[in-house]
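What you see is a predicted model, and the numbers here were worked out from it, not measured in a lab. We number each residue from 1, following the sequence as shown.
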Amino acid sequence: QVQLVESGGRLVQAGGSLRLSCAASGRTFSSYAMGWFRQAPGKEREFVAGINRSGGITRYADSVKGRFTISRDNAKDTLYLQMNSLNPEDTAVYSCAASSTTAAPISRHVYSYWGQGTQVTASS
């Protein structure tokens with residue numbers, strides 16, 4: 001199995017940028033497709049972005065397309081989420097997750113391992 005720890009979340013003004021990191025340990029990081037999800041208070045957890053094992057395929061939620069970029073460094077066992085043009089609707093706890101599938105899955109149900117999450121707050 002793999003252990004995941006997120007970092008980089010903080011309070012930022014609307015229009016600002018953040019980069020989240022997700023450090024993996026345990027089983028080989030490159031064996032997993034990875035994803036970022038977020039959950040705002042009173043809302044269900046939603047897909048933000050996904051990336052396949054090699055990093056050659058990425059997928060994004062429509063709400064973040066063009067503003068967020070997911071990437072991975074398999075040599076460093078780390079997943080990233082670059083977030084630009086943040087707005088208050090992006091405020092949520094952001095979690096990374098690992099899936100044994102080969103693609104970049106959208107459904108949270110195919111992710112087996114989850115981090116604890118990091119809080120991102122974009123103030124207006």
Residue pair Asn87 / Arg67, side-chain heavy-atom distance below 4.5 Å
yes

Heavy atoms, side chains only, cut-off 4.5 Å: are Cys22 and Trp36 in contact?
yes

side-chain contact (heavy atoms from CB on, under 4.5 Å) assessment of Arg38 paired with Val64:
CA-CA 12 Å; Arg38 66 187 182 186; Val64 307; 4.0 Å; yes

Do Phe47 and Tyr94 belong to the same hydrophobic cluster, where Ile, Leu, Val, Met, Phe, Trp and Tyr are linked whenever their side-chain heavy atoms lie under 4.5 Å apart, directly or via other members?
no

Hey, what do you get for OG (Ser85) to CG (Asp90), rounding to the nearest 0.5 Å?
9.5 Å

Could you grab the distance from atom CE of Met34 to atom CD1 of Ile70, nearest 0.5 Å is fine?
8.0 Å

Check the side chains of Thr28 and Ser30 for a donor-acceptor pair under 3.5 angstrom, ignoring hydrogens and angles.
no

Of the non-hydrogen atoms in Ala104 and Gly50, which two are nearest, and what is the gap between them?
CB-C, 3.6 Å

For the residue pair Ser124 and Ala14, what are the closest heavy atoms and their distance?
CA-CB, 4.2 Å

For the side chain of Arg53 and the backbone of Ser31, is there at least one donor-acceptor N/O pair under 3.5 Å apart?
yes

Please give me the minimum heavy-atom distance between Ala40 and Ala92, naming the atom from each residue.
N-CB, 3.8 Å

Output for pair (Ser100 OG, Gln1 CD), nearest 0.5 Å, gives 11.0 Å

Please find the pair of heavy atoms, one from Asp73 and one from Phe29, that lie closest to each other, and give the distance.
O-CE2, 4.1 Å

Closest contact, heavy atoms only, Val2 versus Ala24
CG2-CB, 3.9 Å

Exercise: identify the closest heavy-atom pair between Ser99 and Thr101:
OG-OG1, 3.0 Å

Is there a donor-acceptor pair closer than 3.5 Å between any side-chain N or O of Arg59 and the backbone N or O of Asn52?
no

Taking the inter-plane angle between the rings of Phe37 and Tyr111 on a 0 to 90° scale, is it parallel (under 30°), tilted (30 to 60°) or perpendicular (over 60°)?
perpendicular

Taking the side chain as every heavy atom from C-beta outward, state whether Ser95 and Arg108 have any atom pair closer than 4.5 Å.
no

Establish whether Leu18 and Val93 are linked, either directly or via other cluster members, by ILVMFWY side-chain heavy-atom contacts under 4.5 Å.
no

pair Arg19-Tyr80: side-chain heavy atoms closer than 4.5 Å
yes

Rounded at 0.5 Å granularity, tell me how far CD1 in Ile51 sits from CD1 in Ile57.
10.0 Å

Once rounded to the nearest 0.5 Å, what's the spacing between atom SG of Cys96 and atom CZ of Arg72?
11.0 Å

Are Val110 and Ile106 linked, directly or through other ILVMFWY residues, by side chains that come within less than 4.5 angstrom of each other?
yes

According to the side chain to side chain donor-acceptor pair (under 3.5 Å) rule, which pairs have a member within residues 113-122, sequence neighbours left out?
Gln119-Thr121

Among residues at least two apart in sequence or on other chains, which ones pass side-chain hydrogen bond (donor to acceptor under 3.5 Å, both in side chains) with Ser17?
Asn84

In Å, rounded to the nearest 0.5 Å, how long is the span from OG1 of Thr78 to CG of Leu20?
13.0 Å

Within-4.5 Å side-chain heavy-atom neighbours: Met83 and Val48:
no

